Amino acid sequence: MNGMQSTGWRMSVALMVLSASASMSGCFQTTVGGQTLPSAYYLEDDVQYFPAGPETRLYNQIQAMERYNLEREQLESSY
(Lines give C-alpha, C1' and ligand atoms only; values in the text may rest on other atoms or scores of the structure.)
Protein backbone atom coordinates (compact mmCIF):
# COMPACT_ATOMS: atom_id res chain seq x y z
CA MET A 1 0.00 0.00 0.00
CA ASN A 2 1.24 3.41 -0.75
CA GLY A 3 0.79 6.48 1.46
CA MET A 4 -2.36 7.80 -0.27
CA GLN A 5 -4.29 4.53 -0.03
CA SER A 6 -3.30 4.10 3.62
CA THR A 7 -4.44 7.62 4.52
CA GLY A 8 -7.75 7.21 2.66
CA TRP A 9 -8.41 3.89 4.39
CA ARG A 10 -7.69 5.39 7.81
CA MET A 11 -9.93 8.36 7.10
CA SER A 12 -12.81 6.13 6.00
CA VAL A 13 -12.47 3.94 9.11
CA ALA A 14 -12.37 7.04 11.33
CA LEU A 15 -15.46 8.43 9.60
CA MET A 16 -17.35 5.15 10.07
CA VAL A 17 -16.41 4.98 13.75
CA LEU A 18 -17.44 8.59 14.27
CA SER A 19 -20.79 8.15 12.51
CA ALA A 20 -21.48 4.91 14.41
CA SER A 21 -20.77 6.53 17.77
CA ALA A 22 -22.93 9.53 16.87
CA SER A 23 -25.84 7.33 15.81
CA MET A 24 -25.68 5.31 19.04
CA SER A 25 -25.71 8.35 21.29
CA GLY A 26 -29.43 8.93 20.69
CA CYS A 27 -29.35 12.66 21.19
CA PHE A 28 -29.89 14.07 17.76
CA GLN A 29 -31.32 17.46 18.41
CA THR A 30 -31.40 20.24 15.92
CA THR A 31 -31.67 23.98 16.19
CA VAL A 32 -33.96 25.75 13.73
CA GLY A 33 -34.66 29.44 14.04
CA GLY A 34 -33.43 29.55 17.64
CA GLN A 35 -35.61 26.62 18.72
CA THR A 36 -34.12 23.37 19.98
CA LEU A 37 -36.16 20.58 18.46
CA PRO A 38 -36.15 16.95 19.65
CA SER A 39 -34.92 14.02 17.67
CA ALA A 40 -37.21 12.28 15.21
CA TYR A 41 -37.50 9.33 17.59
CA TYR A 42 -38.81 11.18 20.66
CA LEU A 43 -42.07 9.21 20.59
CA GLU A 44 -40.16 5.95 21.05
CA ASP A 45 -38.24 7.16 24.11
CA ASP A 46 -38.94 5.76 27.56
CA VAL A 47 -41.33 7.87 29.57
CA GLN A 48 -40.19 8.97 33.01
CA TYR A 49 -42.93 9.47 35.56
CA PHE A 50 -42.44 11.87 38.42
CA PRO A 51 -45.32 11.62 40.92
CA ALA A 52 -46.80 14.83 42.24
CA GLY A 53 -45.12 16.02 45.39
CA PRO A 54 -46.20 18.32 48.19
CA GLU A 55 -47.26 21.84 47.30
CA THR A 56 -44.60 23.51 49.38
CA ARG A 57 -40.86 23.01 49.20
CA LEU A 58 -40.55 23.12 52.98
CA TYR A 59 -42.85 20.16 53.57
CA ASN A 60 -40.38 18.18 55.71
CA GLN A 61 -39.49 21.23 57.78
CA ILE A 62 -43.16 21.97 58.44
CA GLN A 63 -43.76 18.37 59.55
CA ALA A 64 -40.72 18.50 61.84
CA MET A 65 -41.93 21.72 63.45
CA GLU A 66 -45.41 20.27 64.00
CA ARG A 67 -43.92 17.15 65.64
CA TYR A 68 -41.69 19.36 67.81
CA ASN A 69 -44.64 21.47 68.93
CA LEU A 70 -46.72 18.39 69.78
CA GLU A 71 -43.87 16.88 71.80
CA ARG A 72 -43.33 20.18 73.60
CA GLU A 73 -47.04 20.45 74.45
CA GLN A 74 -47.05 16.90 75.77
CA LEU A 75 -44.03 17.63 77.96
CA GLU A 76 -45.56 20.84 79.31
CA SER A 77 -48.86 19.13 80.07
CA SER A 78 -47.12 16.32 81.97
CA TYR A 79 -45.68 18.76 84.56
Side-chain angles (χ1 to χ4, degrees):
M1 281 185 140
N2 65 17
M4 286 296 260
Q5 288 177 343
S6 176
T7 303
W9 182 76
R10 288 181 185 159
M11 291 294 283
S12 64
V13 169
L15 183 61
M16 284 190 287
V17 168
L18 182 64
S19 64
S21 67
S23 67
M24 289 184 209
S25 67
C27 59
F28 284 114
Q29 291 184 337
T30 183
T31 303
V32 177
Q35 296 178 346
T36 303
L37 303 174
S39 71
Y41 304 104
Y42 73 97
L43 291 175
E44 298 171 6
D45 288 342
D46 292 333
V47 176
Q48 295 182 356
Y49 174 71
F50 298 103
E55 294 292 322
T56 176
R57 291 182 167 192
L58 303 175
Y59 183 72
N60 291 335
Q61 185 174 0
I62 292 171
Q63 279 189 334
M65 287 299 294
E66 288 174 352
R67 272 187 264 126
Y68 170 76
N69 288 334
L70 285 174
E71 289 173 4
R72 193 180 66 182
E73 288 173 6
Q74 288 174 355
L75 284 174
E76 288 177 358
S77 66
S78 66
Y79 284 119

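Treat the numbers as computed from the prediction; the structure is a model and nothing was measured.
Checked against side-chain contact (heavy atoms from CB on, under 4.5 Å), Ser78 has no partners two or more places apart in sequence or in another chain.
The stretch residues 60-75 participates, sequence neighbours left out, in these side chain to side chain donor-acceptor pair (under 3.5 Å) pairs: Tyr59-Gln63.
The two residues Ser12 and Trp9 have their closest heavy-atom pair at OG-O, 2.8 Å.
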